[in-house]
Amino acid sequence: MKHYSNSALSKRVDCGQAFKYKYIDQQHEKTKPSLIFGSAIDAAINAVHYNIMHRDLPQLYYDQIILNYFNQEKNLLEHELDKEEWNALENMILNMIDHQVMLEFEEIIDYVPKEIQKKITLKIHGLAMPVIGYPDLIAERREPAFQEPGQEVLIIDGKTSGRKISQVSHGYKQQLSTYALAIMREKGLKNIPSAELRVLVKTKKPYWQVIPVFLTADDLGLAIEAYREHELAIAANWFPLNRGSVFCSKKNCRFYEQCHEEHRSDLHEILSQVSYA
């Protein structure tokens, strides 16, 4: 590891062993349909913003970008998913194209795109490595006069979800807080930038959900503490199993079979760890 990231931190929180397999042991993590779909939509979102920022250049075609990404990943990773998974993924992608989801995304843009997939580097005092991330978009939006200086800066992150999001998760706030901290230091801002999630809800009739995320000083402080705890866990080689995680399934964890084989419970070994007081 040469740096920390929100994705690595989230993986360790979900399950220490899954994090160890991927980031410490450097084992290849097989792909998942949701990752391919999400990355294809991210590429199309980037294209929407590119077209707005470069109207004098040849425009990119969103549907073609999504299909090209899918075909490219299938050619590279065909053996990592079974036939049924590829067929279901392709049908989902074609459904999104049929419903012109990227044109709908373009119609709800109410900001000025500034920087696409900007690399941010955050150095937290006392930690051995920096935190690196790539917010989908840094934009600007002019609000009424009561807005504080710096809040016109807007951080946007695109997501996909199988259902409507009713509450912003701690993980999403952690990610956006990391971006906000880096941007505040880079731009010398004294107020926290605005932030939004733009979520493609993958229902039969897909739609976009715009979710404002109101970050506070507490959110930013908790983000820093999370990375401090992250470094301590790595230094202590502390990667506990989390078999209670919703991600602990063959569908959601590509290390599932290996992990359950290597960490099969042995009653004698378990009893040796405890005594009756």
Side-chain angles (χ1 to χ4, degrees), residues 6-7 31-55 57-78 80-81 83-118 133-141 154-169 171-173 175-176 179 194-213 251-252:
N6 185 76
S7 58
T31 191
K32 295 186 288 188
S34 59
L35 292 178
I36 295 175
F37 181 83
S39 296
I41 297 301
D42 279 347
I45 288 175
N46 291 344
V48 172
H49 295 139
Y50 175 91
N51 285 347
I52 294 172
M53 295 170 67
H54 304 282
R55 296 190 186 278
L57 297 177
Q59 299 288 279
L60 302 176
Y61 295 95
Y62 315 139
D63 295 350
Q64 195 60 52
I65 285 173
I66 294 173
L67 286 173
N68 286 348
Y69 189 92
F70 168 78
N71 290 326
Q72 172 186 301
E73 293 298 281
K74 187 175 182 181
N75 288 335
L76 289 172
L77 306 170
E78 188 166 10
E80 295 193 9
L81 300 177
K83 184 178 180 181
E84 290 73 20
E85 287 177 307
W86 282 115
N87 288 341
L89 178 57
E90 183 174 23
N91 288 336
M92 189 191 313
I93 284 175
L94 292 175
N95 182 51
M96 299 298 137
I97 291 174
D98 286 343
H99 283 88
Q100 299 184 314
V101 294
M102 297 317 303
L103 291 180
E104 290 184 14
F105 180 90
E106 191 174 26
E107 289 173 358
I108 61 173
I109 289 177
D110 56 355
Y111 49 78
V112 179
K114 293 295 183 180
E115 297 177 283
I116 301 170
Q117 289 286 323
K118 173 186 175 65
Y134 297 86
D136 288 338
L137 182 73
I138 307 300
E140 285 189 5
R141 177 191 285 146
L154 175 65
I155 305 167
I156 291 182
D157 213 59
K159 304 288 183 185
T160 62
S161 174
R163 62 182 64 88
K164 181 179 179 180
I165 295 178
S166 58
Q167 185 174 357
V168 179
S169 71
Y172 288 163
K173 282 195 173 185
Q175 182 180 22
L176 292 169
Y179 298 156
S194 304
E196 281 184 0
L197 297 177
R198 301 225 162 185
V199 182
L200 176 57
V201 184
K202 302 178 291 184
T203 52
K204 188 174 182 180
K205 185 178 180 181
Y207 63 93
W208 289 96
Q209 188 181 4
V210 179
I211 308 175
V213 182
K251 178 181 178 181
N252 292 316

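Numbers here are sequence positions counted from 1.
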Stepwise side chain to side chain contact (heavy atoms under 4.5 Å, CB included) test for L94 and L67: CA-CA 8 Å; L94 292 175; L67 286 173; 4.1 Å; yes

Tell me whether Y61 at atom OH has more than 12 heavy atoms from other residues, nucleotides or ligands lying less than 6.0 Å away.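 No, OH of Y61 has 12 or fewer neighbouring heavy atoms, counting only those of other groups under 6.0 Å.
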
CA sep, side-chain torsions, deciding dist, call: N6, Y179, side chain to side chain contact (heavy atoms under 4.5 Å, CB included): CA-CA 10 Å; N6 185 76; Y179 298 156; 5.9 Å; no

What's the shortest heavy-atom distance between [X] and [Y], and which atoms?
X	Y	result
I66	A40	CG1-O, 3.9 Å
G158	I45	CA-CD1, 4.3 Å
E80	T31	OE1-N, 2.7 Å

Between [X] and [Y], is any pair of side-chain heavy atoms under 4.5 Å apart?
X	Y	result
K202	M96	yes
T160	V199	no
K164	Y207	yes
K74	L89	no
L200	F37	yes
I36	W86	yes
N46	I65	no
K159	I41	no

State, without any angle test, whether D157 and Y172 hold a side-chain donor-acceptor pair at a distance under 3.5 Å.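 Not at all, the side chains of D157 and Y172 share no donor-acceptor pair under 3.5 Å.
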
Return yes if a side-chain donor-acceptor contact under 3.5 Å exists between E196 and Y111, otherwise no.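 Short answer, no.
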
Considering the options L137, I109, L197, which one meets the side-chain contact (heavy atoms from CB on, under 4.5 Å) requirement together with I156?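 Among L137, I109, L197, the one that satisfies the side-chain contact (heavy atoms from CB on, under 4.5 Å) with I156 is L137.
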
